[in-house]
Amino acid sequence: MAGEKKQGLQLLDFWLSPFGQRCRIALDEKGLSYEYLEQDMANKGELLLRANPVHKKIPVLLHAGRPVCESLIIVQYLDEAFPATPPLLPAGDPYARAQARFWADYVDKKLYDCGTRLWKLKGDGHAQARTEMVEILRTLEGALGEGRFFGGEAFGFVDVALVPFTSWFLTYERFGDLSVEKECPKLVAWAKRCAERPSVAKNLYPPEKFYEFICGMKKRLGIE
Ligand code: GS8
């Protein structure tokens, strides 16, 4: 593992990105050191455009100079490229791995988009996003079940995929006029357990900070 710590890992990222936070949490969970390269999202640099010419998005992991794009693919890559580090996907159980990928994909397909509609839209679109948000959070709480983490006892792939969005709960509450704690107490308890992990505590920002960022974004977009 000592050798793996010097593998030449760089992460092109943006401080508040939940997708970048997934990668940072995964790298820290695995004890892999890396160079963090903050990107200017308003003025994308040549390195980012070369590393991710298709989507032109962060995060991008550079491993010995070779780019890996898309946060969930990056996290899975880290599991495969550094097999001596603690696995995030359940090792040796294809069915459990498929389930974990299903829920991480659900977070990407549903939660991010619905959260964006919640703070961006007004009227019917907003009301629909609010209803959907409660459904999505309840569905995730159902998937968690009685477990400590989504994978059971061990913090794993689905936890990494979802935990950055716990910093958004406050923003969902303020724009959705809802209480995540009231709707989904087990999910909130899970978020608190996750926040106790050094990898999570180090890489997530206070929920107020994200809320302020979104308020600033609304101002810039003229949709206050
Ligand atoms: C999403 C990355 C993304 O949206 C992943 O990595 O999982 N599916 C991808 N990145 C955003 C910043 S975070 O909101 C981004 O780079 N946006 C720049 C742009 O759209 O121009």
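In each ligand, atom 1 is the first atom listed, and ligand 1 is the first ligand listed.
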Sorted by chain and residue number, the ring-ring contact (aromatic ring centres under 6.0 Å, His included) partners of Tyr172 (sequence neighbours excluded) come out as none

Donor on one side chain, acceptor on other, Gln128 and Glu132, under 3.5 Å: yes

If you look only at pairs with a residue in residues 113-138, which of them pass as a ring pair (Phe, Tyr, Trp, His ring centres under 6.0 Å), with sequence neighbours excluded? none

With a 6.0 Å cut-off on ring centres, are Phe150 and Phe155 close enough? no

Enumerate, one pair per line, all nitrogen or oxygen atoms of ligand 1 lying under 3.5 Å from a protein nitrogen or oxygen, stating the separation to 0.1 Å; write 'none' if no such pair exists.
unit_1, atom_1, unit_2, atom_2, d
ligand 1, 6 (O), Ser71, N, 2.9
ligand 1, 7 (O), Ser71, N, 3.3
ligand 1, 7 (O), Ser71, OG, 2.6
ligand 1, 8 (N), Glu70, OE1, 2.7
ligand 1, 10 (N), Ile58, O, 2.9
ligand 1, 14 (O), Tyr112, OH, 3.2
ligand 1, 16 (O), Ile58, N, 2.9
ligand 1, 21 (O), Lys44, NZ, 2.4

List for me each residue that meets salt bridge (charged side-chain N to carboxylate O under 4.0 Å, His left out) alongside Lys186, sequence neighbours excluded, and say none if there are none. Glu146

Check the surroundings of atom CG in Asp177: do more than 12 heavy atoms from other residues, nucleotides or ligands lie under 6.0 Å from it? no

